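Letters go in sequence order (proteins before strands), and every chain restarts at 1. A quick note: this is a predicted structure, and the numbers were derived from the prediction, not measured.
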There are 2 protein chains.
Amino acid sequence: MARMTQDGRRLRGLRSRETILGQAVSLASVEGLDGLSLGRLAAAIGISKSGFFAHWRDKEELQLDAVDWAARQWREHIVAPALRAPAGVRRLFALHEARLRFYAEHVLPGGCFFRAVQAEFDDRPGEVRDRIVRALRDWEAFIRGLVEEAIALGELAPGVDPAQLAFEIEALGEMAVTHSRLLDERLAFAHARRAVLQRLRGLCPDPSLLPED
Amino acid sequence: MARMTQDGRRLRGLRSRETILGQAVSLASVEGLDGLSLGRLAAAIGISKSGFFAHWRDKEELQLDAVDWAARQWREHIVAPALRAPAGVRRLFALHEARLRFYAEHVLPGGCFFRAVQAEFDDRPGEVRDRIVRALRDWEAFIRGLVEEAIALGELAPGVDPAQLAFEIEALGEMAVTHSRLLDERLAFAHARRAVLQRLRGLCPDPSLLPED
DNA sequence: TATATGAACGTCCGGTCGTTCATATAGTTC
DNA sequence: GAACTATATGAACGACCGGACGTTCATATA
């Protein structure tokens, strides 16, 4: 086994990378990707600032990986659970509920990584912004796909505009974070849940597929 | 005329204050209230950095006044035009359209001051956060009031929950900014407008009060 | 055993940040 | 005119930032 080495150094490095990225995403959900300084990130983990440069060329490379890491976390916590629900309108609602659960359980101290960095980078051209945009585009395309699937299954009225409905679901999900952090947390989730639920029931020929409230 | 002085110094000072605050709100809509540095703010106006301290004790005092200034701008550009529409469901929709127009006309280079600073300060306790929260609370109370008025006028079904509907309208309005800055601007406004319009028409006993689309 | 490599460290640099201070300039009041 | 005050300036400050550098240590390869 010549090339495929069992290198304890690389393993250690991979573990460090994961630790750092997880902490970076957590902190960035609070202070943003740029507001987060390497010094404070290092202090939060308990390593030295210069240790970063063994893993990333500069801060931007770390930011790029942090976006990818957050997208992966999103898929694991929100997309994956939804895919366990039956396809159609129930899966669509399961997706929304998984998102609200993710927020309610405070997986990230700042609530939502993407909300923080979208507001931060929407005016700042560059690779980081591009990657954030791509993540958002993929996410909304995924919602749109679920809507189309529900229409194909006859669980949503055929006249429904998938992009329009995806926009609405995304809006209500995101407002849940804002409201929960600045005003009333319980109310925020209740409003966000009820809005999507009633919207879907109104478009669904068989509302009994969904809970009443 | 002993006390009531015609002081050209104070007048000049007031004008400077307004200029500075307007520019501060513009820049903060892009980079946030903290991301905005005094040096760059001074450079954008063409004054010296230390000139600020003739008007404000420290940066936080300026931030507090900037929040108030932005709230005033919001009232003038969005609340005031809506109040010229007839009370009821038409006024509610006029409010939403005024908001979308405010975004579409790029009054602020960053799109929305409050969106930027909410994401920035939701995790940072202090007076600035408190003032941002108060502005948001007042704004949603205003929407809620318009909903209640529409119900009282019989233009919305009596079963409507004002807080719930206000939440939905606010969510769709805010998502218009995010979408317009990161994805497709035209689509963003179209989706946000149509979502609220169809929602109101669905709740309104006389949908002819509102445009068809 | 000798050599190479990846991870992590401590130190230092140039630059920017908010803030302070002494000073200059107008405009107002006596 | 002198005394006073609001507005603005430029120079300097300590703190912190991202990043560069040489070094140390543990591990892997030959």
Side-chain angles (χ1 to χ4, degrees), chain A residues 1-24 27-28 30-66 117 120-121 124 126-128, chain B residues 1-24 27-28 30-66 117 120-121 124 126-128:
Chain A
M1 217 170 271
R3 274 260 147 271
M4 179 65 184
T5 76
Q6 197 71 5
D7 194 325
R9 292 171 301 177
R10 293 199 100 106
L11 196 75
R12 192 156 49 95
L14 277 179
R15 265 198 259 275
S16 292
R17 261 178 71 95
E18 284 297 303
T19 306
I20 294 173
L21 285 174
Q23 190 63 246
L27 287 181
V30 176
E31 338 200 29
L33 266 175
D34 236 49
L36 156 71
S37 85
L38 295 185
R40 263 177 293 144
L41 176 54
I45 305 173
I47 63 169
S48 85
K49 207 174 61 164
S50 46
F52 290 111
F53 299 96
H55 298 279
W56 294 278
R57 207 183 325 125
D58 53 24
K59 191 183 184 181
E60 192 183 24
E61 292 292 322
L62 185 145
Q63 291 175 328
L64 289 171
D65 279 351
V117 300
E120 198 182 6
F121 280 87
R124 211 179 303 182
E127 279 188 54
V128 179
Chain B
M1 215 169 273
R3 275 257 146 275
M4 180 62 185
T5 76
Q6 198 72 2
D7 195 327
R9 292 171 302 180
R10 296 200 98 107
L11 196 75
R12 189 159 53 99
L14 279 178
R15 266 198 260 274
S16 292
R17 264 179 69 96
E18 284 297 303
T19 304
I20 294 172
L21 285 175
Q23 189 64 244
L27 287 182
V30 176
E31 337 201 29
L33 267 174
D34 235 47
L36 155 70
S37 85
L38 294 186
R40 264 177 294 146
L41 177 52
I45 305 175
I47 64 170
S48 82
K49 206 169 63 161
S50 47
F52 290 109
F53 298 93
H55 298 279
W56 295 277
R57 208 183 321 128
D58 54 24
K59 191 182 184 182
E60 191 182 25
E61 292 291 321
L62 185 146
Q63 290 175 327
L64 290 170
D65 280 350
V117 300
E120 198 181 6
F121 279 89
R124 210 179 305 184
E127 280 188 52
V128 179

Atom-pair distance ([atom1] on [X]; [atom2] on [N]), nearest Å:
X: Gln63(A); N: dG18(D); atom1: CD; atom2: C1'; answer: 11 Å
X: Leu62(A); N: dC17(D); atom1: CG; atom2: P; answer: 15 Å
X: Ile45(A); N: dC9(C); atom1: CD1; atom2: P; answer: 10 Å
X: Trp56(A); N: dG18(D); atom1: CH2; atom2: P; answer: 14 Å
X: Glu61(A); N: dG18(D); atom1: CD; atom2: C1'; answer: 15 Å
X: Ile20(B); N: dT7(D); atom1: CD1; atom2: P; answer: 10 Å

N/O contacts under 3.5 Å, protein versus nucleotides 17-21 of chain C?
unit_1	atom_1	unit_2	atom_2	d
dC17(C)	OP1	Ser37(B)	OG	2.9
dG18(C)	OP1	Leu38(B)	N	3.3
dG18(C)	OP1	Lys59(B)	NZ	2.6
dG18(C)	OP2	Leu38(B)	N	2.8
dG18(C)	N7	Lys49(B)	NZ	3.0
dG18(C)	O6	Lys49(B)	NZ	3.4
dT19(C)	OP2	Lys59(B)	N	2.8

Would the distance check show the side chain of [X] and the main-chain N or O of [Y] forming a donor-acceptor pair, the cut-off being under 3.5 Å?
X: Glu127(A); Y: Leu64(A); value: no
X: Gln63(B); Y: Leu33(B); value: yes
X: Lys59(A); Y: Ser37(A); value: no
X: Arg124(A); Y: Glu31(B); value: no

Practice problem: Side-chain contact test, heavy atoms from C-beta onward, threshold under 4.5 Å: evaluate it for Ile47(A) versus Thr19(A) and give yes or no. | Solution: no
Exercise. Evaluate the side-chain proximity of Asp34(B) to Val128(B): yes if any heavy-atom separation is below 4.5 Å, no if none is.
Key: no
Quiz item: With respect to the side chain of Ser48(A), which nucleotide from dA7(C), dC9(C), dG10(D) is positioned closest?
Solution: dC9(C)
Exercise. Hunt down the Watson-Crick or G-U wobble partner of dT27(D), both distances under 3.5 Å, from any strand shown, or write none.
Key: dA4(C)
Practice problem: Provide the Watson-Crick or G-U wobble partner of dG19(D), both distances under 3.5 Å; none if there is no partner. | Solution: dC12(C)
Quiz item: Does the side chain of His55(B) get closer than 4.0 angstrom to OP1 or OP2 of dA6(D) through an N or O atom?
Solution: no
